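Since the structure comes first, as structure tokens, the remarks are kept for the end.
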Amino acid sequence: MSGMTSGALVRLAFWARGMIAIRDGRMEWPGFSYTDAEWARMRVLSAPIGAGRYQLFTMVNAVIFIAIAALGVVCVFLPLANLLFPVPAETSALKFSALLAGYAFLVIGLGLPISMRLASALLASKDVRAGLVAESGDEALAAKVSWQINRIMLVMCGLLVPGILLFIAYDIDAGPVITTLKWLAIALMAVTTAIGALQRRKRS
């Protein structure tokens, strides 16, 4: 038996629907890999959710997340920026980037789970809920998905946001550390693209 709540199972099912669509399209999402048994379980979980309902879920989720992010800008980012950097012209790029990375971490870490929770609750019909039956491995699968999301968030906020922002937005020479982060990001994207192309070629 599984101790998952109905709401948690619904959220996992919507997530599974998106991942199955990616897999069926012979695509890969770097950082989100699953065993054959987990893929099989996600296919079962995604079955009660039609394509139209999932598309609506993605739109509702995006609207809610954007609203949360905008609220965070007004209530968190701008007040902190005004408090920490009262003279914008004297604000260093590194400090501003650190604040931006912290804000992104907060908004994604808190805002995305909230938006997914609300969107899934709004769009899970009685038929969808009736078609979902929890199994013993669902909690572990949901925990794995949560860890994968948090891992990507940490990478993005810890490496990509500060490094790319400093180089592109400020066009400055920030030294060897930021240069390393920049080339690391480029290398990761190149490797990811190459691996995805090879996997698609093997399946075709």
Side-chain angles (χ1 to χ4, degrees), residues 2-25 27-32 34 38 41-82 96-134 138-162 164-165:
S2 172
M4 288 191 72
T5 64
S6 174
L9 188 62
V10 165
R11 290 192 297 275
L12 181 60
F14 274 106
W15 176 267
R17 182 65 176 81
M19 296 307 299
I20 289 298
I22 292 173
R23 184 175 176 84
D24 288 347
M27 297 180 290
E28 298 288 342
W29 192 355
F32 295 89
Y34 303 96
E38 288 169 339
R41 178 56 182 157
M42 286 198 293
R43 190 170 294 279
V44 172
L45 287 170
S46 67
I49 302 173
R53 186 173 295 276
Y54 178 73
Q55 290 298 325
L56 186 58
F57 165 79
T58 60
M59 290 187 288
V60 172
N61 182 54
V63 169
I64 295 174
F65 179 77
I66 290 171
I68 293 173
L71 186 64
V73 169
V74 174
C75 298
V76 178
F77 184 79
L78 290 180
L80 280 177
N82 290 330
F96 183 82
S97 297
L99 177 60
L100 180 62
Y103 163 74
F105 183 87
L106 179 66
V107 168
I108 298 174
L110 297 179
L112 185 58
I114 292 174
S115 66
M116 291 182 65
R117 183 183 296 268
L118 292 176
S120 61
L122 289 171
L123 294 171
S125 64
K126 291 182 179 179
D127 291 339
V128 169
R129 293 181 185 274
L132 296 173
V133 179
D138 291 344
E139 284 184 284
L141 179 57
K144 180 176 182 177
V145 169
S146 179
W147 159 242
Q148 290 173 332
I149 294 174
N150 290 334
R151 180 179 59 190
I152 293 297
M153 176 185 65
L154 287 170
V155 171
M156 183 180 68
C157 297
L159 294 177
L160 300 183
V161 173
I164 294 176
L165 178 66

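Values reported hereafter were calculated over all heavy atoms of this structure, with side chains retained and with hydrogens, waters and symmetry mates removed. Keep in mind it's a predicted model, so treat the numbers as computed, not measured.
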Donor-acceptor pair, distance only, cut-off 3.5 Å: does the side chain of Arg17 make one with the backbone of Ile49? yes
Check side chain to side chain contact (heavy atoms under 4.5 Å, CB included) between Leu56 and all other residues, then give those that pass, not counting sequence neighbours. Met59, Val60, Leu123
Val44: what forms a side chain to side chain contact (heavy atoms under 4.5 Å, CB included) with it, not counting sequence neighbours? Arg41
d(Ile149 CD1, Arg151 CZ) to nearest 0.5 Å is 11.0 Å
Any sub-3.5 Å donor-acceptor pair from Asn82's side-chain atoms to Leu78's backbone N or O? yes
d(Leu132 CG, Leu12 CG) to nearest 0.5 Å is 9.0 Å
Which atom pair, heavy atoms only, marks the closest approach of Pro48 to Gly131? CG-O, 3.7 Å
Smallest separation among heavy atoms of Pro79 and Val74, with atom names: CD-O, 3.2 Å
Does Asp24 have any side-chain hydrogen bond (donor to acceptor under 3.5 Å, both in side chains) partners at least two apart in sequence or in another chain, and if so, which? Arg43
Side chain to side chain contact (heavy atoms under 4.5 Å, CB included) filter on Met19, not counting sequence neighbours, yields Trp15, Ile22, Trp29, Phe32, Tyr34, Trp39, Met42
Indicate yes or no for a side-chain donor-acceptor contact from Ser115 to the backbone of Gly111 under 3.5 Å, with no hydrogens or angles considered. yes
State, yes or no, whether a side-chain contact exists between Ile68 and Leu112 at a heavy-atom distance under 4.5 Å. no
Nearest heavy-atom approach of Asp138 to Val133 is OD2-O, 4.2 Å
Taking every non-hydrogen atom, the tightest pair across Met4 and Ala142: CE-CB, 4.0 Å
Applying side chain to side chain contact (heavy atoms under 4.5 Å, CB included), name anything that partners Arg11, two or more places apart in sequence or on another chain. Ala8, Arg117, Ser120
Worked check of side chain to side chain contact (heavy atoms under 4.5 Å, CB included) between Leu71 and Val76: CA-CA 8 Å; Leu71 186 64; Val76 178; over 6 Å; no
How far apart are the closest heavy atoms of Leu110 and Ile114, and which atoms are they? O-CG1, 3.1 Å
Test item: Asn61 side-chain N/O and Met116 main-chain N/O as donor-acceptor pair under 3.5 Å: yes
Only pairs at least two apart or in different chains count here, so list each ring pair (Phe, Tyr, Trp, His ring centres under 6.0 Å) that has a residue in residues 59-81. Phe77-Phe96, Phe77-Tyr103
